[in-house]
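Below is one structure; the comments refer to it alone.
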Amino acid sequence: MNRFIYKHRFLILRRLTQISILILYIGANIWGWKILQGNLSSSNLLETVPLADPYAVMQIFATGSIVAMDALLGAVIITLFYMVFGGRAFCSYVCPVNMVTDLANWIRRKFELDRVEKKWWASRNIRYWVMGLSFILSFALGTAAFELVSPVSMTHRGLVFGMGFGWAAIATIFLFDLFVLKNGWCGHICPLGGFYSLIGRFSLFRVRHNQPNCTLCMKCKDVCPEKEVLYMIGKKSMSVNMGECTLCGRCVEVCDDDALNFSIRDFVKKGEDYEVKQS
Amino acid sequence: MDEKKSSKVNDRRRFLIQMAQNVAIAGVGGLLWSAYVDEVKAAPLILRPPGAKKENEFISLCIKCGLCVEACPYDTLILAKPGDNKPTGTPYFIPRDIPCYMCEDIPCVPPCPTGALDSDSVSVVKDGQKVFDIMKMRMGVAIVDMKSCIAFWGIQCDACYRACPILDKAIYLEYRKNERTGKHAFLLPVVDPDYCTGCGLCEHACVTKEPAIRVLPREVALGEVGKHYVKGWDKSDEKRLKGSKGIETTVTERSKKSAIESLNEGIDFE
């Protein structure tokens with residue numbers, strides 16, 4: 001049992017943060033808690049600190065409107081947080097859709113759907129196209145375009161304020177990820193993930209690969225939702241620096257050889273070369 | 001792909017084709033997406049919270065956080081859910097279910113983080129200080145359906161009049177002789193849009209099965225006279241005549257034709 005917990009320590013931590021954040025928001029709406037009011041688009045922390053989704057605020061800017069100070073400040077706080085610490089941690093530790101896509105991915109692995117399904121390739125850069133498109137459409141239509149279709153906000157808002165037909169969006173993503181494209185939503189399409197990939201490109205917390213310990217079992221690549229970020233596995237010791245890494249820590253957990261660990265990013269390039277030579 | 005075929009497709013061609021594919025996919029996606037967004041945006045019959053900016057401005061600013069909804073003590077405001085056929089996530093209210101009770105401190109406006117709800121539009125300056133004045137809000141305007149309002153039948157009902165928080169101003173009663181009975185009066189509710197805030201307490205109180213008085217968005221319900229009609233009996237209005245350049249008329253589709261053409265239209269002279 002202890003081993004199971006240890007082997008899923010980050011997964012458990014993520015579910016705990018995701019669910020407790022949700023409960024705080026729901027509690028604010030139903031029981032009037034004052035800890036975290038609003039939703040992921042924009043909220044109030046302890047009635048003082050404004051928090052806002054910087055991507056949503058940028059879409060509002062694209063419409064040509066100037067948002068008031070609160071949302072602006074909130075967006076800056078969130079941007080700085082993920083820029084400095086988290087990278088795409090939003091995706092794996094906060095976003096509620098992550099639980100849906102992880103479930104689809106888990107079923108995929110358990111039932112070995114990958115081997116049965118005909119694979120089709122889709123670029124992981126679609127998300128950046130969708131992001132660009134969202135700004136163009138926001139400008140053209142005069143409304144934050146992605147916010148009106150976003151399954152992320154729909155799911156979260158739905159859980160806090162009432163779901164309506166939003167179940168359809170969740171079901172679509174689940175089925176799409178399960179039967180159409182592996183990691184289809186989070187890994188290919190979601191522009192919010194793309195946005196956090198960009199702003200978190202140089203964030204501090206990183207997974208680090210220690211090549212000498214690697215036995216090339218490839219368990220990490222099996223479990224990683226963005227496996228292209230693990231291109232260095234078995235090749236050289238370095239930290240996983242690509243912005244697309246969600247810092248979910250699944251690779252760290254499944255690695256039996258202590259070849260992957262969380263660490264603070266090393267900014268000195270020389271250090272990497274040095275270690276490669278050593279090994 | 002076999003060697004021969006792939007050798008023909010050089011890198012430049014592949015790049016161009018892939019670019020074209022990407023652009024095409026983005027185009028198709030963008031068109032579908034914009035069609036959907038445009039569709040949900042076009043919901044003119046929606047009542048917004050107090051202080052809401054004009055609909056097109058509101059819809060571009062609203063970040064859909066629900067803070068106004070949480071702040072409302074009467075649960076008046078709701079966030080549009082997918083399937084409501086309204087812009088998803090934006091706040092609105094249905095006065096027949098729960099009207100706006102016009103709280104004097106307007107709790108829903110200050111939490112708005114983006115300024116989609118504009119506190120300036122619902123405040124006045126008093127002794128150099130900005131204070132909220134709920135009477136300034138214009139969420140909509142009440143409209144009476146004379147055919148289904150039972151007061152117009154001669155039945156005494158003043159439910160809407162009594163419910164109105166700005167009684168005798170936003171709704172007043174007009175007395176008219178009931179010729180049918182010869183000895184009774186009609187007490188007819190009349191709405192003055194200058195005072196009506198669109199809170200919907202009248203619609204909420206209306207006794208008929210479907211409300212005979214309804215709150216509609218002002219831009220839907222109200223007309224506009226045009227600048228060149230001058231009230232001759234109003235001195236301040238008559239001042240506008242000074243410096244006028246002559247006769248102006250309202251141009252409509254109908255007035256583009258000559259009078260004879262317009263009057264004879266549709267008559268078969270054969």
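This one's a predicted model, so the numbers in the text were calculated from it and none came from an experiment.
Interface summary for chain B: among A/Thr63, A/Val160, A/Leu148, the most heavy-atom pairs under 4.5 angstrom belong to A/Leu148. Of the listed residues B/Cys62, B/Cys112, B/Gly89, the one with more heavy-atom pairs under 4.5 angstrom with chain A than any other is B/Gly89. Counting heavy-atom pairs closer than 4.5 Å to chain B, the top-ranked of the candidates A/Leu72, A/Leu137, A/Asn125 is A/Leu137. When each of A/Ala56, A/Ala168, A/Ala145, A/Gly74 is scored by its heavy-atom pairs under 4.5 Å with chain B, the top score falls to A/Ala145.
Heavy atoms closer than 4.5 Å to chain B are found nowhere in A/Ser153, neither backbone nor side chain. Of the atoms belonging to A/Ile66, it is backbone heavy atoms, and not side-chain ones, that fall under 4.5 Å from chain B. For chain A, the nearby parts of B/Leu61 are the backbone and the side chain; heavy atoms of each come within less than 4.5 Å. For A/Phe146, the parts sitting under 4.5 Å from any heavy atom of chain B are the backbone and the side chain alike.
In terms of heavy atoms, A/Ser42 sits closest to B/Cys65 at O-CB, 3.2 Å. Smallest separation of non-hydrogen atoms from B/Ile63 and A/Ser41: O-CB, 3.2 Å. In terms of heavy atoms, B/Pro82 sits closest to A/Met154 at CG-CG, 3.6 Å. Contact detail for A/Arg157 and B/Leu79: the closest heavy-atom pair is CD-CD1, 3.5 Å. For the pair B/Gly29 and A/Leu133, the tightest heavy-atom approach, listed with the atom from each and the gap, is C-CD2, 4.4 Å.
Close approach to chain B, defined as a heavy atom under 4.5 Å from one of its heavy atoms, is seen in A/Tyr25, A/Ala28, A/Asn29 of residues 17-30 of chain A, taken by number. Proximity to chain A among residues 113-121 of chain B is limited to B/Pro113, B/Thr114, B/Gly115, judged by heavy-atom separations below 4.5 angstrom.
A/Thr143 places a side-chain N or O within 3.5 Å of a backbone atom of B/Ile59 that can act as its donor or acceptor partner. A distance-only check finds a donor-acceptor pair linking the side chain of A/Asn39 to the backbone of B/Lys64 [under 3.5 Å]. With hydrogens and angles ignored, the 3.5 Å screen pairs no side-chain donor or acceptor of B/Trp33 with any backbone N or O of A/Val130.
Side-chain contact between A/Phe165 and B/Thr88: absent, with no pair of heavy atoms (C-beta onward) separated by less than 4.5 Å. Residues A/Phe161 and B/Lys81 are not in side-chain contact: their nearest non-hydrogen atoms beyond the backbone lie 4.5 Å or more apart.
When the shell of 6.0 Å around OH of B/Tyr195 is examined, it contains 12 or fewer heavy atoms from other residues, nucleotides or ligands.
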